[in-house]
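No experiment lies behind these values; they were computed from the predicted model shown. Note: hydrogens, waters and symmetry copies are ignored here, and every other heavy atom, side chains too, is used.
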Amino acid sequence: MRTLVNSLRLIVVIAVVAAILGQWLVSMRAPDYSPFDFFGYFTIQSNVFVGVAFAATLVATARQKRSALLLSGIRGAATVYIATTGVVYNTLLVGAAVENTVPWSNDLLHRWIPLYVVLDWLLFSDRARLLLRHVWWFLLYPAVWLGVVLVRGATDGWVPYPFLDPSLGYGVVALYCLGVAVFIGLMGILVVGMSRLRLVRV
């Protein structure tokens, strides 16, 4: 079972790299391309987070180390962030017009990778039991990301997603942000709860 799980996680790492690279090779040809904009998307960052978390897990497994609390916390955070990516995209952004989108990359980054990562966390037992206080740590990175995006939206006008556009009014933007923050908090609580399950032992 451990070999199967490791193989699946390796496939995810490869899929993350391939999907981001595939989209980047197309996006970089656009006349208004900026690496700060491309890598500023929460989609890209959350998928990178997953790739790093799974790669670190594979290294720890190869060294025959037990799942430490820190590594489990990183995987838990990655699960929260990628689940947020999947839910926000498929509820708020699925109909949005985006230029230069690579369909297969888009599906991997917004659908299949989020789905697998959540299932991986739910099913497989090789993780430490997290505590409710870890939910506060899960909220830190999205809060920093949001702060940077809001500053950029108010200064150079770049926003990664339509619901963060200041032209909607900061009241509307604040409501969207509050909704996403509530989801992240609830997803964090679920991730902590799921860390106590041992459905499939590996």
Side-chain angles (χ1 to χ4, degrees), residues 1-24 39 41-91 104-143 145 180-202:
M1 179 58 71
R2 180 173 293 275
T3 300
L4 173 61
V5 172
N6 288 341
S7 298
L8 291 172
R9 289 172 180 166
L10 179 59
I11 290 171
V12 169
V13 173
I14 294 171
V16 166
V17 174
I20 293 176
L21 182 61
Q23 182 60 63
W24 177 73
F39 290 101
Y41 282 89
F42 193 85
T43 293
I44 300 297
Q45 294 183 17
S46 61
N47 275 275
V48 168
F49 211 109
V50 165
V52 171
F54 273 26
T57 301
L58 289 169
V59 170
T61 301
R63 293 179 176 177
Q64 296 184 338
K65 292 184 177 180
R66 296 185 63 185
S67 184
L69 182 59
L70 176 60
L71 181 54
S72 293
I74 293 172
R75 280 182 54 206
T79 303
V80 172
Y81 302 151
I82 201 68
T84 303
T85 292
V87 170
V88 170
Y89 175 81
N90 288 287
T91 55
W104 65 267
S105 171
N106 188 67
D107 284 343
L108 278 174
L109 297 174
H110 292 106
R111 293 191 175 98
W112 299 113
I113 291 173
L115 178 61
Y116 175 79
V117 173
V118 172
L119 289 175
D120 183 284
W121 183 263
L122 170 65
L123 294 175
F124 303 131
S125 65
D126 59 335
R127 48 186 165 32
R129 289 176 170 84
L130 302 182
L131 304 173
L132 279 176
R133 67 169 179 264
H134 291 121
V135 175
W136 295 107
W137 291 102
F138 296 162
L139 290 167
L140 284 179
Y141 156 66
W145 178 87
V180 174
V182 169
F183 173 82
I184 291 174
L186 292 175
M187 189 65 203
I189 293 172
L190 281 175
V191 162
V192 169
M194 287 189 289
S195 72
R196 289 160 167 74
L197 299 176
R198 297 292 184 267
L199 299 181
V200 178
R201 296 194 174 273
V202 295

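Few gaps surround CZ on Arg196; more than 12 heavy atoms of other groups in view lie less than 6.0 Å from it. Counting heavy-atom neighbours within 6.0 Å of Trp112 CH2, excluding the residue itself, gives a total of 12 or less.
Contact record, Ala83 with Val118: CB-CG2, 3.9 Å, taken as the closest heavy-atom pair. Closest of all the heavy-atom pairs between Ala78 and Phe49 is CB-CD2, 3.6 Å. Of all heavy-atom pairs between Leu131 and Val192, the closest is O-CG2, 3.5 Å. Here the closest non-hydrogen pair linking Val202 and Ser125 is N-OG, 3.1 Å.
Taking 4.5 Å as the limit, some side-chain heavy atom of Val117 sits within range of a side-chain heavy atom of Phe54. Residues Leu8 and Asp120 form no side-chain contact, since every pair of their non-hydrogen atoms from C-beta on lies 4.5 Å or further apart. Under the 4.5 Å side-chain criterion, counting only non-hydrogen atoms from C-beta, Ser195 is in contact with Trp121. Contact annotation: the side chain of His134 never approaches that of Val191 to less than 4.5 Å [non-hydrogen atoms, C-beta and beyond]. Residues Arg9 and Tyr116 have side chains in contact (heavy-atom distance under 4.5 Å, counting atoms from C-beta outward). For the pair Phe183 and Thr91, the minimum side-chain heavy-atom distance is 4.5 Å or more. Looking only at side-chain heavy atoms (C-beta outward), Leu109 and Tyr89 stay at 4.5 Å or farther from each other. Leu199 places none of its side-chain heavy atoms less than 4.5 Å from the side chain of Met194.
Side-chain rings of Phe42 and Tyr141 approach one another, their centers coming within less than 6.0 Å.
Rounding to the nearest 0.5 Å places CG of Leu10 at 11.5 Å from OG1 of Thr61. We find the CE-OG1 distance between Met187 and Thr84 to be 7.5 Å, quoted to the nearest 0.5 Å. We find the CZ-CG distance between Arg201 and Leu123 to be 13.5 Å, quoted to the nearest 0.5 Å. For the atom pair CG of Asn6 and CG of Asp126, the computed distance is 8.0 Å after rounding to the nearest 0.5 Å. Note that the CD atom of Gln23 and the CG atom of Leu108 stand 11.5 Å from one another [nearest 0.5 Å].
Between the side chain of Arg127 and the backbone N or O of Phe124 there is at least one donor-acceptor pair closer than 3.5 Å. Not a single donor-acceptor pair under 3.5 Å links the side chain of Thr85 to the backbone N or O of His110. No donor-acceptor pair closer than 3.5 Å links the side chain of Ser46 to the backbone N or O of Ile82.
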Note to self: With side chain to side chain contact (heavy atoms under 4.5 Å, CB included) as the criterion, how do Leu69 and Leu130 come out once you've worked through the C-alpha distance, each side chain's angles and the decisive distance to 0.1 Å?
What the structure shows: CA-CA 7 Å; Leu69 182 59; Leu130 302 182; 3.7 Å; yes
